[in-house]
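Everything on this sheet refers to the single structure shown next.
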Amino acid sequence: MCGVVGIAAFEPVNQMLYDALTVLQHRGQDAAGIVTMQDGRFFLRKDNGMVRDVFMTRHMLRLVGNYGIGHIRYPTAGTSSSAEAQPFYVNSPYGITLAHNGNLTNAEDLAIELYQDDLRHLNTNSDTEVLLNVLAHELNNLGKTTPSPEDIFAAVSKMYDRIEGAYGVVALLSGQGLLAFRDPNGIRPLVYGERIGKDGGTEYMVASESVALSGNGFTLIRDVKPGEAIFVDMNHKLHTMQCTEPREYTPCIFEYVYFARPDSIMDNISVYKSRLRMGETLADKILEEWGEDHDIDVVIPIPDTSRTSAMELALKLGIKYREGFMKNRYIGRTFIMPGQQQRKKSVRQKLNAVPLEFKNKNVLLVDDSIVRGTTCHEIIQMARDAGAKNVFFASAAPPVKFPNVYGIDMPARSELIASGHSVEEVRQIIGADRLIYQDLDDLIEAVQDTKHSKVEGFDCAVFNGCYIAGQINEAYLEHLQEIRSETAKVKKSGVQVIADTPVDMTGIEEGA
């Protein structure tokens with residue numbers, strides 16, 4: 001999962017982009033990048049690492065201009081090489097730089113098309129570079145040195161005909177403006193907002209989550225619609241167009257379970273309220289299956305994502321809610337980290353149990369989901385080491401049984417603990433005395449329970465195997481398994497040695 005941001009302002013945007021990426025840091029800690037635009041030139045800084053580590057004062061001073069885009073990344077099917085840090089750049093036509101959140105499910109076929117038919121060279125394994133070159137090809141076919149917004153939307157429409165999958169995209173066209181668009185199902189999130197600039201004109205911002213807007217003083221206007229593109233020209237005029245027929249409006253439900261910040265509003269749905277309702281429905285299931293004499297003494301969340309659900313669950317059960325784990329905030333999210341051993345080690349570094357809350361108690365641990373089970377097993381053992389009498393475990397999400405193909409690094413199906421194992425078998429593997437999962441229907445109801453959202457359903461593929469976009473079949477999933485397996489990643493890591501920025505530096509300057 002990644003985070004994107006784009007800003008068109010009347011003042012330098014470097015600090016605003018930095019602040020927005022910091023707010024979106026939870027969406028990825030592998031790499032970060034910013035491109036700004038001034039007088040038709042791009043200024044780039046990107047590298048592996050957290051936002052605070054990638055951008056020093058000397059870099060920020062070189063990121064000049066009132067238009068810009070930014071990206072934070074964690075690796076999915078690609079490597080964690082700095083060569084795949086975004087944004088990407090091509091010098092023709094105009095000069096285009098682009099960043100995206102999501103995954104193109106037909107990226108390999110498109111790469112062949114780009115080479116054989118469009119005569120375009122790709123320098124990495126990133127589907128972002130594929131996406132950028134498809135856009136560049138369609139814009140080039142316009143044959144215009146100064147395209148109108150309608151021309152740009154026409155090129156985006158052509159691109160929609162070629163690409164499949166899920167994506168939220170921001171791009172800069174040199175001397176033209178800021179472009180953003182979203183996949184036809186709205187699987188990946190994208191919102192935009194505005195504020196009044198110092199000179200009284202309207203400034204615009206696009207981002208993966210609304211918190212990036214509010215943190216910079218922008219007011220959320222709405223979500224970018226599925227299949228819609230928005231363009232802010234160099235006169236700061238906003239243009240919007242529906243560039244392809246929207247399909248069933250089905251955002252990714254895992255955004256509400258885990259990825260998004262609780263204070264975000266996505267698709268007119270409050271992430272915070274969704275997680276409260278997840279706790280309510282999970283409490284109802286506990287009462288139904290375990291009864292009033294469930295024997296739970298205390299409810300303890302596994303920080304941070306599950307706190308909201310755990311708090312409401314405890315309230316409904318009438319049980320104490322306690323913070324039993326203290327978190328080291330300088331360790332990244334273990335779900336995002338590559339490698340089983342690194343994840344297991346990081347759990348102990350990231351969390352420390354408070355013995356007072358565990359000793360001689362029957363503890364219900366609440367987490368947002370169970371993916372590989374590695375983290376759960378380690379945390380349950382930590383609870384026992386802290387003196388817990390019995391350790392029960394509750395997941396605010398249903399069993400994760402299928403890989404994600406739309407931009408979340410859900411591992412190969414063979415590495416998903418719930419795939420091929422019953423709930424009882426999972427309980428034994430993770431070492432819990434009791435285990436309970438949220439039902440999928442209850443999860444959908446918890447997220448969809450709003451009067452204002454226009455969503456028609458959700459992408460729940462990781463739970464039910466129903467892939468909404470991209471014509472996903474068993475052959476595709478088998479190929480994905482080969483790419484995403486831990487063994488394959490170990491063999492692949494470190495193989496690429498590619499320049500961190502484009503070799504052809506015409507029209508672009510890097511903040512080295």
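Side-chain atoms are counted along with the backbone in the values below, which use heavy atoms only and exclude waters and symmetry mates. This is a predicted model, so every value here is computed, not measured.
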N/O donor-acceptor pair under 3.5 Å between N473 side chain and A475 backbone: yes

Distance, nearest 0.5 Å, that separates NE2 of H59 from CZ of F43: 15.0 Å

Nearest non-hydrogen partners of V170 and G6, listed with the distance: CG1-N, 4.2 Å

Sidechain-backbone polar pair: Y256 side chain, M266 backbone, donor-acceptor under 3.5 Å: yes

L173 side, atom CG; L179 side, atom CG - distance, nearest 0.5 Å: 6.0 Å

Minimum heavy-atom distance L178-L172, with the two atoms named: CD1-CD2, 3.9 Å

Under-4.0 Å salt bridge between E11 and R195: yes

Flag side-chain contact, heavy atom, 4.5 Å: L443 against M278: yes

Side-chain donor or acceptor of E228 paired with backbone N/O of T240 under 3.5 Å: no

Presence of salt bridge, R27 and E255, under 4.0 angstrom: yes

Side chain E84, main chain D127, donor-acceptor under 3.5 Å: no

Parallel, tilted or perpendicular, as decided by the 30° and 60° cut-offs, for the rings of F153 and F231: perpendicular

Set of residues satisfying salt bridge (charged side-chain N to carboxylate O under 4.0 Å, His left out) with respect to E456, sequence neighbours excluded: none

Residues forming a ring pair (Phe, Tyr, Trp, His ring centres under 6.0 Å) with H236, sequence neighbours excluded: F10, Y67

side-chain contact (heavy atoms from CB on, under 4.5 Å) partner of E164, the single match among D183, D109, N106, I472: N106

Heavy-atom donor-acceptor pair, N235 side chain to K237 backbone, under 3.5 Å: no

D151 and S148: CA distance, side-chain angles, deciding distance, side-chain hydrogen bond (donor to acceptor under 3.5 Å, both in side chains) verdict: CA-CA 5 Å; D151 293 328; S148 67; 3.1 Å; yes

More than 12 heavy atoms of other groups within 6.0 Å of Q242 CD: yes

Distance (rounded to the nearest 0.5 Å) between R162 CZ and L104 CG: 11.5 Å

For F402 against F463, the heavy-atom pair lying closest together: CE1-O, 3.7 Å

Heavy-atom closest contact (A229 atom, V156 atom, distance): CB-CG1, 4.2 Å

Any donor-acceptor pair under 3.5 Å from N185 side chain to E248 backbone: yes

Y249 side chain reached by K225 side chain, heavy atoms, under 4.5 Å: no

Cation-aromatic face contact K46/F88, 6.0 Å, 45 degrees: yes

Spacing of CD belonging to Q471 relative to OG1 belonging to T105, to within rounding of 0.5 Å: 8.0 Å

OG1-CG distance between T244 and D161, expressed to the nearest 0.5 angstrom: 6.0 Å

S174 (side chain) donor-acceptor with G40 (main chain) under 3.5 angstrom: yes

Any side-chain donor near an acceptor of the partner, H137 and E113, under 3.5 Å: no

R182 with D267: basic N within carboxylate O range, under 4.0 Å: yes

From R222 atom CZ to L190 atom CG, the distance as rounded to the nearest 0.5 Å: 10.5 Å

Minimum heavy-atom distance G175-M37, with the two atoms named: N-SD, 3.6 Å

Heavy-atom side-chain proximity of P87 to F42 below 4.5 angstrom: no

Backbone of V4 reached by a side-chain donor or acceptor of N101 within 3.5 Å: no

Worked verdict on D47 versus R45 for side chain to side chain contact (heavy atoms under 4.5 Å, CB included): CA-CA 7 Å; D47 202 354; R45 169 62 184 172; 3.7 Å; yes

Working for side chain to side chain contact (heavy atoms under 4.5 Å, CB included), residues N133 and D118: CA-CA 9 Å; N133 277 274; D118 301 348; over 6 Å; no

Main-chain N/O of T124 paired to E129 side chain as donor or acceptor, under 3.5 Å: yes

Donor-acceptor under 3.5 Å (Y18 side chain, I34 main chain): no

Residue pair V35, Y89: steps toward the side chain to side chain contact (heavy atoms under 4.5 Å, CB included) verdict: CA-CA 10 Å; V35 173; Y89 164 80; over 6 Å; no

Side chain to side chain, V405 and L477, heavy atoms closer than 4.5 Å: yes

Taking every non-hydrogen atom, the tightest pair across G70 and L21: C-CD2, 3.7 Å

Lys/Arg N to Asp/Glu carboxylate O, D263 vs R261, below 4.0 Å: yes

